[in-house]
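Below, read A as the first sequence line, B as the second, and so on, with proteins coming before strands; counting in each chain starts at 1. Here the structure is a predicted model, which means the values were calculated and not measured.
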Amino acid sequence: MIFSIVVQAPPVQTQGAETALRFARAVLAAGHSIHRIFFYRDGVHNGSALTCTPQDEFNIPQQWQELAQQHKLDLVVCIAAAVRRGVINEQEAVRYKQDQWNLRDSFELSGLGQLVEACIQSDRVVTFGARS
Amino acid sequence: MIFSIVVQAPPVQTQGAETALRFARAVLAAGHSIHRIFFYRDGVHNGSALTCTPQDEFNIPQQWQELAQQHKLDLVVCIAAAVRRGVINEQEAVRYKQDQWNLRDSFELSGLGQLVEACIQSDRVVTFGARS
Amino acid sequence: MVLHTLNQAPANAACMASALNTITSEDTLLLIEDGVYWTLPAFASQLANLTGRLVALEADLKARDLKADAVESVDDAGFVALCVSHDKVVSWF
Amino acid sequence: MVLHTLNQAPANAACMASALNTITSEDTLLLIEDGVYWTLPAFASQLANLTGRLVALEADLKARDLKADAVESVDDAGFVALCVSHDKVVSWF
Amino acid sequence: MSTEGILVMTRSAPYGSSAARDALDVALTCSVFEQPVTLLFLDDGVFQLLKGQSPSVIGQKNLNAVQQSLPLYDIKRLCVSTSSLEQRGLRQDELILPVELVDDAALPALLAQHRHVLSI
Amino acid sequence: MSTEGILVMTRSAPYGSSAARDALDVALTCSVFEQPVTLLFLDDGVFQLLKGQSPSVIGQKNLNAVQQSLPLYDIKRLCVSTSSLEQRGLRQDELILPVELVDDAALPALLAQHRHVLSI
């Protein structure tokens, strides 16, 4: 079966991103495929390359990256939500005249159309959210 | 009277940071002083230099910066909360072996002790939060 | 003399209930952000236990087009004045 | 056949109430994250209207040391299996 | 019963959080991609549809303007929970657009009619 | 009545959000700076104190360990709302530490006793 996952929860402060990560691993372990993982609202912070986690804690963005590399996952961060929140890649840094950028490798910025396309292509779409 | 302000709300997604900003302006306009503005939890994202806001919308981190420059405000971002969430300055970038950084000018990373010290020094401490 | 601020819309009834438990007749409850929806007549019964003064932040009422004739409103300067006239501020969110 | 997930602790009674309004006897309610606190006996009466199946995520029960003997639990693989055996997933948060 | 399209469910008051606007953005994008889309307003989400909003005083854009454009985008179904309206003492004529009122008893069928449900 | 020190008020369940841990961090820091501090657990916040937690399965550190260190940091007042406990069917002996039970009627006095109240 084809799954897509929507992550609206940030990597820190609420549990949603960690639950989504465990769920994604379980989907793959069960032999299903993941068409896309779409990060929306505060979930875009999961795409930060700059999260520095104490050694005895999990770095959720890094774990997304590792999972994506292992399984060739499509990790898409909503571009409109991301640039407002200060999550940008080199191309957006140029566009907005910023000296620095922070999108993690394996993540890609794209539009909400990628969420809609994921809905069209997937048998199941599962959302992990945080209230607010 | 001496005020300190605690911002736990992020700059986007919930209204708390905007309310805090208006409140800070009103405190200064009334002739009071602001000892410190302390950013904690998801509020640390107010210190991002990379927020790129559409022209017809407000860039809250930029407005904090302008207010701080005009009034010599002490904007302190909780360092433990910030590094976990990917908000780092050049010094932390070196420590954590990151190529990039994103703390906005006028903001400073420091410990929770600065929150406690703000409580000791201030007649009023006003918190602006978001549920979660 | 405590100034309580509350920014949660009415679906978060637990937040209001806990705030009301701590508010005395000398205190003030200032509704801010989505908290101003509590000024609607439909919620009057839930606020009936409030013994303190009830105030709503003007900008938030206006943004949402809430008239709240029965409720006192303050602008941002009034918010600051309330902070000064009370001993401390407690935030409910 | 809808799988509903709910991640809110009991103070967010509005979230549970709205979820219960949409759950049919063919549906399943999966409690995740802080939602697993709803398995405590004190909340049984609020769940009495639930006509569908009630399940809780094992890792979240264990993290919080909730025994929930009366409630079926599933591990992450079971969560995926529930997604497959229902037509769609609705998230309450 | 056919199950097609996307149901976007939103339960938050406007302006205190960006959920209202984020849900609208998803609905508009569905329409651009020619996916049938229904918006469901539940709980405090019904406040999003009140007329006369002027959020520029709190530095935000007016949702009413976007909401009025929904019919132009061929987004025809705006479903509002009757009980959520009643609990808040709101009447249908206070809303910015004509809506389809949905009783609690009709909610499961509404969910059943759509292929996917996105909560925002 | 003397008004000194800081009251840290926390109303969220543990692990679903980091509020529990963030509140503890503030309380511990108060202690390090020799500021009298009281922790108040209200609403779902009372769940933070339940014994036997093992959150490593969800990738989080155990709060119980930090909570047990509170007396070592000279944090003496851990106040728990009686009504919040009762609403959740919890007993005092299920909590990880001895606590001071506070009736609803005593809450205003608790707030009054502290110079500042920090909600987390």
Enquirer: Under 4.5 Å from any heavy atom of chain D, what part of V6(A) do you find: side chain, backbone, both or neither?
Expert: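 Answer is neither: V6(A) stays 4.5 Å or more from chain D.
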
Enquirer: Can you tell which part of A30(A) gets under 4.5 Å to a heavy atom of chain D, answering side chain, backbone, both or neither?
Expert: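 Side chain only.
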
Enquirer: With a 6.0 Å cut-off (strictly less than), is the heavy-atom count around CD of Q69(A), excluding the residue itself, greater than 12?
Expert: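 Yes, because the 6.0 Å sphere around CD of Q69(A) holds more than 12 heavy atoms from other groups.
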
Enquirer: Mark yes or no for whether T127(A), through its side chain, and S91(D), through its backbone, hold a donor-acceptor pair below 3.5 Å.
Expert: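 Here the side-chain-to-backbone pair does not exist.
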
Enquirer: In terms of relative ring orientation, are F79(D) and F128(A) parallel, tilted or perpendicular, with 30° and 60° separating the classes?
Expert: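 F79(D) and F128(A): perpendicular rings.
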
Enquirer: Of all of D34(D), V84(D), T5(D), V89(D), which one pairs up most often with chain A through heavy atoms under 4.5 Å apart?
Expert: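 Highest number of heavy-atom pairs under 4.5 Å: V84(D).
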
Enquirer: Looking at CG of L57(D) and CZ of R22(A), how far apart are the two atoms once the value is rounded to the nearest 0.5 Å?
Expert: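 Reported to 0.5 Å precision, the distance equals 5.5 Å.
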
Enquirer: Using atom types as modelled and distance alone, determine if a side-chain donor or acceptor of R124(A) lies under 3.5 Å from a backbone N or O of H86(D).
Expert: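 Between the backbone of H86(D) and the side chain of R124(A) there is a qualifying donor-acceptor contact (under 3.5 Å).
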
Enquirer: State, to 0.1 Å, how close A26(A) and A77(D) come at their nearest heavy-atom pair, and which atoms those are.
Expert: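 It is CB-N, 4.1 Å.
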
Enquirer: Does the side chain of D76(D) come within less than 4.5 Å of R25(A)'s, by heavy atoms?
Expert: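 Counting from C-beta outward, R25(A) and D76(D) never come under 4.5 Å.
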
Enquirer: Using atom types as modelled and distance alone, determine if a side-chain donor or acceptor of N7(D) lies under 3.5 Å from a backbone N or O of G129(A).
Expert: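 Yes, because the side chain of N7(D) sits within donor-acceptor range (under 3.5 Å) of the backbone of G129(A).
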
Enquirer: Select one option (side chain, backbone, both, neither) describing which atoms of D75(D) are under 4.5 Å from chain A's heavy atoms.
Expert: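 Interface part for D75(D): neither.
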
Enquirer: From F93(D) CZ over to Q8(A) CD, what is the distance, rounded to the nearest 0.5 angstrom?
Expert: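 Here the interatomic distance stands at 4.0 Å.
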
Enquirer: If you draw a 6.0 Å radius around NZ in K88(D), do more than 12 non-hydrogen atoms from other residues or ligands fall strictly inside?
Expert: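 Enclosed: over 12 neighbouring heavy atoms sit under 6.0 Å from NZ of K88(D).
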
Enquirer: With rounding to the nearest 0.5 Å, note down the distance linking CZ in R131(A) to CG in N12(D).
Expert: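 It is 6.0 Å, given to the nearest 0.5 Å.
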
